[in-house]
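Got a structure for you, written out below as structure tokens; questions coming shortly.
In this chain, residues are counted from 1 in sequence order. Atoms considered below: every heavy atom in the structure, side chains included; atoms not considered: hydrogens, waters and symmetry mates.
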Amino acid sequence: EELQQLLNSRFQNWPAEIRALAKATKADEVIETSVAELPISWRWGEDDVTLLGDAAHAQLPGLALGVTTSFGDIEELTKQIRRHGLNR
């Protein structure tokens with residue numbers, strides 16, 4: 001009931017179709033996630049660990065950006081390895 005009230009208040013100004021979807025959603029089917037802003041770091045990794053995709057970039061959930069950014073990260077990583085080599 002509390003969750004339903006929260007959804008009703010959050011979507012009160014949205015189109016009727018969206019409000020109907022929120023109202024029809026059972027409480028045990030709702031997944032609540034938090035989105036937080038993380039500090040920017042220009043380091044991709046440390047020692048033998050390199051972060052790619054979602055692990056390296058703060059992403060909004062559900063937008064399928066992790067794989068996309070991983071491919072961009074891989075491209076940049078291989079470019080840097082070709083340029084600088086794999087020195088320790």
Side-chain angles (χ1 to χ4, degrees):
E1 174 133 340
E2 185 179 328
L3 178 59
Q4 193 64 48
Q5 289 175 345
L6 174 65
L7 291 174
N8 289 340
S9 68
R10 192 171 285 173
F11 297 113
Q12 67 184 351
N13 296 322
W14 289 43
E17 297 84 2
I18 301 297
R19 291 193 318 268
L21 284 172
K23 187 175 183 177
T25 303
K26 298 175 186 171
D28 63 343
E29 294 175 346
V30 173
I31 299 172
E32 187 175 352
T33 59
S34 297
V35 177
E37 188 172 328
L38 301 174
I40 295 174
S41 171
W42 296 109
R43 297 182 68 174
W44 286 36
E46 191 172 312
D47 298 325
D48 292 337
V49 177
T50 300
L51 304 176
L52 303 172
D54 287 347
H57 307 280
Q59 306 283 6
L60 291 173
L63 296 179
L65 295 175
V67 147
T68 306
T69 56
S70 291
F71 288 137
D73 292 349
I74 292 166
E75 180 181 25
E76 183 63 28
L77 180 61
T78 55
K79 203 184 301 183
Q80 295 301 322
I81 290 172
R82 285 189 190 116
R83 175 190 265 169
H84 301 288
L86 287 173
N87 299 323
R88 290 185 176 213

Crowding at CD, E2 (>12 non-hydrogen neighbours, <6.0 Å): no

Distance from E76 atom CD to I74 atom CD1, nearest 0.5 Å? 12.0 Å

Roughly how far apart are R19 CZ and E17 CD, rounded to 0.5 Å? 8.5 Å

Can you tell me how far apart CD1 (I18) and NZ (K23) are? Round to the nearest 0.5 Å. 15.5 Å

Distance, nearest 0.5 Å, that separates CZ of R83 from CD of Q80: 5.0 Å

